[in-house]
Amino acid sequence: MLKRINPTELQSWRELKEHAENMRSFSIQRAFESDKGRFENLSIQNDLFLFDYSKHLITDETLGLLEKLVEEAEVKSAIQSQLQGEFINETENRAVLHTALRKPKSDSLTIDGEDVVRLVHTELDKMYAFTKKVRNGEWKGYSGKAIRHIVNIGIGGSDLGPRMVYEALYPFSRPDLQFHFVSNVDGADIAKVLRHIDPERTLFIIESKTFTTQETMTNAHTARRWFLEYAPNEAAIAKHFVAVSTNHQKVAEFGIDTANVFGFWDWVGGRYSVWSTIGLPVCLAVGSENFAQFLAGANETDLHTAEKPFRENVPMIMATLGIWYRNFMNAESTAVLPYDQHLNRFAAYLQQGDMESNGKSVDRAGKKVDYQTGPIVWGEPGTNGQHAFYQLIHQGTSLIPCDFIASVKAQHNLDDHQRKLLANYFAQTEALMKGKSEETVRAELKAAGKSDDEIEKLVPFKIFDGNKPTTSFLFSEMTPKALGSLIALYEQKIFIQGVIWNVFSFDQWGVELGKQLANVILPELENGKAGDHDESTTGLINYYLSKR
Ligand SMILES: O=P(O)(O)OC[C@H]1O[C@](O)(CO)[C@@H](O)[C@@H]1O
């Protein structure tokens, strides 16, 4: 059980509040000028990446107070509770053990008399054996042809994880296998995919922890009906449909051979499940060895989080910086900006990871909180974002701490592109910190031959205040191992923040209400009569009924 510690009652919290007042006039640039060791002190390197947090609105005192907060909130013992499989998901009465999914075979962890690491590896081995068969063409469709199209059907954690990781590791994937992802209940999603696939060569993976999710089951049934228009008989389903689920009974009812079900466990939350057999599409794309490397990278991060002291601990620094801005500097959102096209789904993935976990307003004692919890997470890959929303980050009125992520080596040989990409990556954090002073603006306008009148008019618009905080991750190369490590760093950050905010990070009751009401409204749409709703909802339903 995690302790109930109200963070606002901690001494460090009070001190951070006071300290934040003193930091209003702090300049990151001046801090660099007066401390030549700032980068050295405020950056962490390992064999995979450089993590630079020197461009933040922090001093040594800030870090000392954040470390005190980690101690007072008893974060270290919470990390142990998580890793040891205590039932820390109290509102669902479960352990939270996605970290066990990435432990090596030689480890063990006994929960309720069962070694979960052994269970995990039994399932992984089954997935690896299946992967081998599909990739070497031994697994054949009903007409004897090898699989060439793989369609993943799932939503939330059963889509965002595998889709993001598949995209991120695309350079490591097999060019002769085409992957498609269907998640939305909007028929446009699956209709588009069905236009591009060949039933004789297609494998559908139905991913759903519960195997009851409306969107996934609707898409799965549509896929099944479509497939049976071509297949000779229902027996062919066994060669073209597999499932990843904890609910074997529902899978069997759907008609999938239970021999083709890859399992996982209720102690794996949907948004933390890509490390389990939910990663099957990734494994099929990049192969078992790369998938094992992906797991190994995450396991390294788990060990790092549990063992490293605060100042060397990347997730602790990430988590407490997030709290510093959210609770003491009034930042409402945080941007994740990968300078890596393959990470184009990373922000979307983290939105679920972070916002479904820490988007809570009731603490672990069941009381409404009177402080801010999880921020809004958003982002797009650079440089696209630069030509869209960076204007607001540079000159808008909101403070938006940003994470910049890039790799030195690209997975292509277009070196000129990579140099330009990285020049932008380096330039943005520098520009956000330094800004542009009035003096510089005037000098530039003068040099451009502007008249005094024009200069006076333009100056206020061209000033950049700067002093905008950024974190830079610079990986040597975005390998499967590096990616595993990166995702796990964010997972651990989210966990630590949830511990400090005193919320339960592993339930998601907030997504239930909309689902319930949709289930009430669906029969009304089928029967052509609006039920008992507010005037607005009734008006909208009636408009639909009159126009359909
Ligand atoms: O894997 P399932 O059971 O279909 O659930 C999908 C998603 O739905 C949610 O429960 C709510 O959106 C997520 O947490 C989960 O990832």
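In listed order, ligands and their atoms are each counted from 1.
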List the protein residues in contact with ligand 1, where contact means a heavy-atom separation under 4.0 angstrom.
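Ligand 1 is contacted, at a heavy-atom distance under 4.0 Å, by Ile155, Gly156, Gly157, Ser158, Ser208, Lys209, Thr210, Thr213, Gly270, Gln352, Glu356, Gln508, Val511.
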Start with the C-alpha gap between Tyr490 and Phe346, add the side-chain angles, then the distance that decides, and say whether ring pair (Phe, Tyr, Trp, His ring centres under 6.0 Å) holds.
CA-CA 11 Å; Tyr490 277 93; Phe346 193 57; 5.5 Å; yes
Residue pairs, two or more places apart or on separate chains, that pass salt bridge (Lys or Arg N to Asp or Glu O under 4.0 Å) and touch residues 331-358:
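Sorted pair list: Arg271-Glu356.
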What residue pairs, at least two apart or across chains, pass salt bridge (Lys or Arg N to Asp or Glu O under 4.0 Å) with a residue in residues 254-270?
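Non-adjacent pairs meeting salt bridge (Lys or Arg N to Asp or Glu O under 4.0 Å): Arg94-Asp266.
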Within the 4.5 Å heavy-atom criterion, are Pro338 and Phe473 side-chain neighbours or not?
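The answer is no, as the side chains (C-beta and beyond) never meet within the 4.5 Å cut-off.
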Under 4.0 Å between a side-chain nitrogen and a carboxylate oxygen: does that hold for Arg163 and Asp159?
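Yes, charged N to carboxylate O under 4.0 Å.
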Could you pull out every donor-acceptor pair under 3.5 Å between side chains of residues 107-114 and any protein atom, sequence neighbours left out?
none

